[in-house]
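To start, the structure under review is shown below, and the notes come after it.
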There are 2 protein chains.
Amino acid sequence: MRELTRAEEQVMQVLWKIKKGFVKDILEHFDDPKPAYNTVSTIVRILQDKGFVTHKAYGRTHEYYPLVTKSDYSKSHLKTFVNDYFSNSFEKMVSFFAKEKSISVKEMEEIMKIMENEVKKQKPLR
Amino acid sequence: MRELTRAEEQVMQVLWKIKKGFVKDILEHFDDPKPAYNTVSTIVRILQDKGFVTHKAYGRTHEYYPLVTKSDYSKSHLKTFVNDYFSNSFEKMVSFFAKEKSISVKEMEEIMKIMENEVKKQKPLR
DNA sequence: CTTGCTTAACTAATTATTTCGTTGTATATT
DNA sequence: AATATACAACGAAATAATTAGTTAAGCAAG
């Protein structure tokens, strides 16, 4: 998956948040000092070329949607990171950061519980 | 911490790997097609300006060292990522990717064991 | 219809990043 | 000493990314 540049990522973060929107909607979600309308418009069209968003046309105005989900992008992004910084071992990464954050065994058990619940939720449906 | 550009990151990865080196040493570790000597030389000087590396001079030639460790940089990088993509919750990130990678409860227990060992290793020393 | 407003498309301008040629100096070699 | 070699420093050129002005088309209000 293509990497997002900083400006592109900012626009995607807004789109992921608002689900869909016109350029003016995206613009609204920027902190001051907001960029110019045309700046956002350009970036959103670049994102479209890269396949990250699509649009639905209402006459001449376009409503933009993410095509790549935040999950998909974060997956790809972390995969690259884990590969580059933890020789592709998710386990190494987790234990490194868990230690970093002084996450205790107890807290890890909490995470496991969350995971177990997610497994339970999915099992009966499949 | 400043972000590394793509070219800068490549040089840092080499430096982290070889611990220290002259420009020609760094160059050697690039895959073909290798960049020009001057390209690497320039990037390493930019990295020096940014505070990521320093050098020891032997007459007119410089041996470069990382100042920022790979651990420090990856810490900072993942912190930003977790903040932007998992509303700053390391736990959410872990459980999301654990599920993603179909890491089972058993495997998580393996990770916990590794963590426990690390904790044991450190305890007697402090 | 005509004027004004909104918008996407296009494009120009600016800034950041990457790449590497050129230069000058130090050092080694003859 | 003269020439060759190796290197850092500098800076020019190329490329990528960002920002926003200009334009043209559609639509709304009078």
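Each chain gets a letter, A, B and so on, in the order the sequences are listed, and its residues count up from 1. We use all heavy atoms of the structure for the numbers below, so side chains are in, but hydrogens, waters and symmetry mates are not.
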Checklist entry - For A/His55 and C/dA8, what is the distance between atoms NE2 and P respectively, to the nearest whole Å? => result 9 Å

Checklist entry - Going by heavy atoms in the side chains, are A/His55 and A/Val44 under 4.5 Å from each other? => result no

Item to check | Under-3.5 Å donor-acceptor pair between B/Thr42 side chain and C/dC20 base | outcome: yes

Next on the checklist: What's the closest nucleotide to the side chain of B/Pro35 if the choices are C/dC20, C/dT18, D/dC7?
Outcome noted: C/dC20

Checklist entry - For the ring pair B/Phe81 and A/Phe81, is the centre-to-centre distance below 6.0 Å? => result no

Next on the checklist: Here's a test of your reading of the structure: between A/Gly59 and B/Thr61, which maps to the more 5' nucleotide of DNA chain D?
Outcome noted: B/Thr61

Checklist entry - Expressed in angstrom and rounded to an integer, what is the separation of A/Tyr64 atom OH from C/dA9 atom C1'? => result 9 Å

Next on the checklist: So, OP1 or OP2 of C/dT18: does either fall under 4.0 Å of a side-chain N or O from B/Thr5?
Outcome noted: yes

Checklist entry - Would you find a donor on one side and an acceptor on the other, under 3.5 Å apart, between the side chain of B/Ser76 and the backbone of B/Asp72? => result no

Item to check | 5′-ward residue of the pair B/Asn38/A/Glu63 relative to DNA chain C | outcome: A/Glu63

Next on the checklist: Expressed as a whole number of angstroms, how long is the span from B/Ile46:CD1 to C/dC20:C1'?
Outcome noted: 12 Å

Next on the checklist: Using whole Å, what does the distance between atom P of nucleotide D/dA16 and atom CZ of A/Arg6 come to?
Outcome noted: 18 Å

Item to check | Whole-Å distance separating the CD1 atom of B/Ile43 from the C1' atom of D/dG11 | outcome: 16 Å

Checklist entry - Roughly, in whole Å, what's the span from OH in B/Tyr37 to C1' in C/dT18? => result 18 Å

Checklist entry - What is the distance from atom CZ of B/Phe22 to atom OH of B/Tyr58, rounded to the nearest 0.5 Å? => result 6.0 Å

Item to check | Spacing between B/Glu3 atom CD and D/dT18 atom P, to the nearest angstrom | outcome: 13 Å

Checklist entry - B/Tyr58 has an atom OH; how far is it from atom P of C/dA28, in whole Å? => result 15 Å

Next on the checklist: At 4.0 Å (heavy atoms only), tell me whether B/Arg45 reaches a base, stays on the sugar-phosphate, or touches nothing.
Outcome noted: base

Checklist entry - Touch check for B/Thr39, heavy atoms < 4.0 angstrom, all strands: base, sugar-phosphate only, or nothing? => result base

Item to check | NE2 on B/His29 to CG on B/Leu15, rounded to 0.5 Å | outcome: 10.0 Å

